[in-house]
Every structure is written in structure tokens, then in C-alpha cells.
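Some notes on the structure that comes next.
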Amino acid sequence: KKNKNGGTNGSATLTAAQGKNFRGNAGLTLNHRTDKLNVFGNYNYGRSKPVNLLDINRISNGNPDTYFTQVGRTDRKRENNNFKAGLDYFIDKKNTLGFLVTGYLNNGQENAVNNTLIGRSFTQTDSLLNSTNLSSSKYNNLSYNVNYKSILDTAGSEISADLDYSRFNGTDIAKYNNDYLLVNGDRIRPLNVIRNTTPTQIDIKAFKVDYNTSLSKTVKLEAGIKSSWVKTDNNLKAEEF
């Protein structure tokens, strides 16, 4: 939110937590306002390393039944950067011109290991499946805005216009290794290795104009027009080694 107080002011935040791993967030918000200009911005950073532990016993009904004992661990790492910067120029008491830039730069990694014992009971194992999954992701977005607002009369009638452009880029890369083994360690089949790559790019352009006026104390008229153009490009690749 834009601060309406004059001068320079701001706030800083810092949070931290210690569980199995450390996680924390930090943020800074600044605002400077004069009679003609209002400049504002903020930045937030977050980092976490969550761990998930999995322990599942399952029975698949059949003739005979099949018993599965699955033990897994997933280690994740996340980093988030979010920011905003903008300014409002007060041309006069009735007209304001503004500029705004917002965005984020986020990335993450994941390492999962799952071991599944398979047999005719939970104590009689004849085969097993060892799986390792490695993945990484990167996402970034930048959005730009130019806006204008004009107060038309003392009744509060106004017209506003916005120009927006935004670009999103994302990349996910995942690699899955599945090893099917007999209980003595011999492979039932060759090592199965699969890799997925999913790059994404999205471009958004938008334009809008809004108008509102009070026709009386109980009647208000609002009108507007908006147009947007969206271009999305996805390229999914699935590969088997």
C-alpha cells in the first residue's frame, strides 16, 4: 500500500525458525513523499530447507496378496526474492502519473530417495524398488505498469488509464532413476532413467481505461474498456535413457 505520510519512512522485518533445518525471511519497505513526488518500494527474501519423511505399509489384494513396505526421504531447498518499486508524480491537484515495476526471482531443488520392499508378507521380501528423484526449478517474473488518473470535477468524477506488460519465465528439470532388484541384489531389468524438461514463457500486454461519475446522491455511473494480449509458449520434453 502507498503511504500518504510526508517525508521518508519505512520498515524492516526479520523472522527465523529452527526446526530440523533453519528457515528465515527478511524484508525492507521504504517510502519517500513530497508535494510533487511519491517514491516507494520493497524487497523480501525467503529461504527454507524442509524435509519430508515417508513410511508406508500397503497390501495389494490378490491371489496371493502382495505386501509393500516403503521408506522415503525428500530434501527440498527454496529461495524466494520478491520486489516492487514505483513512483507517483503529482502533476497538479487533479492529475497523477505513475510508474511501477514488480517481480520475483524464485528457485528450488528437490532430492527424493524412496526404497520399497515387495513380498508375500511384511517379513518375506523377494524384490525391491529403489527410486531417486532429482529436480530443480527456476521461476522469474517482471511486470511493468504506467498509470494515469485525473479527477474531473468536485463531485469526484474521475478517469484512469493503465498500460501493463508482464513476462514470466519458468524452467523445471526432473530426473527419475528406478532400479528394480531381486532381494539378492541382482537387477530384474536394466536401470530405468527418465528426464523431463518443461520450459515455459508467458507474455502479457494489457490496456484499460476506467471512468466513473456521480449522476446524483444515489446514482453512480461507471464505464470502462480493457484489452489484453497473451502469448504462451510451453515445450515439454520427456526423455528415456
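Worth knowing before you read on, the calculation uses all heavy atoms, side chains too, and leaves out hydrogens, waters and symmetry mates.
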Can a donor-acceptor pair be found between the side chains of [X] and [Y] at a distance below 3.5 Å?
X	Y	result
Asn140	Asn106	no
Asn114	Ser131	no
Tyr180	Asn130	no

As a quick check of understanding, evaluate side-chain hydrogen bond (donor to acceptor under 3.5 Å, both in side chains) for Asn192 and Asn177, giving each step before the final call. CA-CA 6 Å; Asn192 178 247; Asn177 293 343; over 6 Å; no
Considering all heavy atoms, the nearest [X]-[Y] contact:
X	Y	result
Asn235	Pro199	O-CD, 2.9 Å
Thr213	Ser157	OG1-OG, 2.5 Å
Phe22	Ala16	CE1-CB, 3.7 Å
Arg78	Gln109	NH1-O, 3.3 Å
Asp172	Ser137	OD1-CB, 2.9 Å
Gly27	Asn44	CA-OD1, 3.3 Å

Does atom [atom1] of [X] have more than 12 heavy-atom neighbours from other groups under 6.0 Å away?
X	atom1	answer
Asp55	CG	yes
Lys231	NZ	no
Leu221	CG	yes

Under the side-chain hydrogen bond (donor to acceptor under 3.5 Å, both in side chains) rule, collect the residues that match up with Ser166, sequence neighbours excluded. Asn141, Ser143
Of all residues at least two apart in sequence or in a different chain, which pass the side-chain hydrogen bond (donor to acceptor under 3.5 Å, both in side chains) check with Asn145? Asn147, Asp162, Asp164
Quick one: are [X] and [Y] in side-chain contact, heavy atoms under 4.5 Å?
X	Y	answer
Val193	Lys175	yes
Leu37	Leu87	yes
Ile202	Ile204	yes
Leu117	Thr125	yes
Thr171	Tyr139	no

Flag yes if [X] and [Y] sit in one hydrophobic cluster, no otherwise; membership is Ile, Leu, Val, Met, Phe, Trp, Tyr, and two members link when side-chain heavy atoms are under 4.5 Å apart.
X	Y	value
Val39	Ile91	yes
Ile188	Leu191	no
Leu54	Val51	no
Tyr144	Val209	no
Val113	Ile118	no

Stepwise side-chain contact (heavy atoms from CB on, under 4.5 Å) test for Leu100 and Lys84: CA-CA 7 Å; Leu100 183 65; Lys84 176 175 68 175; 3.6 Å; yes
Any pair with a residue in residues 85-124 that passes ring-ring contact (aromatic ring centres under 6.0 Å, His included), sequence neighbours left out, goes on the list, sorted by first then second residue, please. Tyr67-Phe122
Go through Asn82 and Tyr45 one step at a time and tell me if the side-chain hydrogen bond (donor to acceptor under 3.5 Å, both in side chains) criterion holds. CA-CA 7 Å; Asn82 300 276; Tyr45 172 78; over 6 Å; no
Could you walk me through whether Asn196 and Tyr176 pass the side-chain contact (heavy atoms from CB on, under 4.5 Å) check? CA-CA 9 Å; Asn196 292 337; Tyr176 307 94; 3.7 Å; yes
Any carboxylate oxygen within less than 4.0 angstrom of a Lys/Arg side-chain nitrogen, looking at Asp75 and Arg73? yes
What distance do [X] atom [atom1] and [Y] atom [atom2] have between them, rounded to the nearest 0.5 Å?
X	Y	atom1	atom2	result
Asn81	Asn107	CG	CG	7.5 Å
Ser136	Leu134	OG	CG	9.0 Å
Thr232	Phe168	OG1	CZ	10.0 Å
Gln70	Ile56	CD	CD1	5.0 Å
Leu30	Thr8	CG	OG1	8.5 Å
Arg76	Asn111	CZ	CG	11.0 Å

Please answer whether the main-chain N or O of [Y] pairs with a side-chain N or O of [X] as donor and acceptor at a distance below 3.5 Å.
X	Y	value
Lys77	Ser48	no
Asp65	Gly62	yes
Ser121	Thr123	yes
Asp88	Gly98	no

So Lys149 and Glu158, side-chain contact (heavy atoms from CB on, under 4.5 Å) or not? Walk me through it. CA-CA 7 Å; Lys149 185 175 75 171; Glu158 64 179 38; 3.9 Å; yes
Check against side-chain contact (heavy atoms from CB on, under 4.5 Å), Leu152 and Tyr211: CA-CA 10 Å; Leu152 302 177; Tyr211 170 78; 3.5 Å; yes
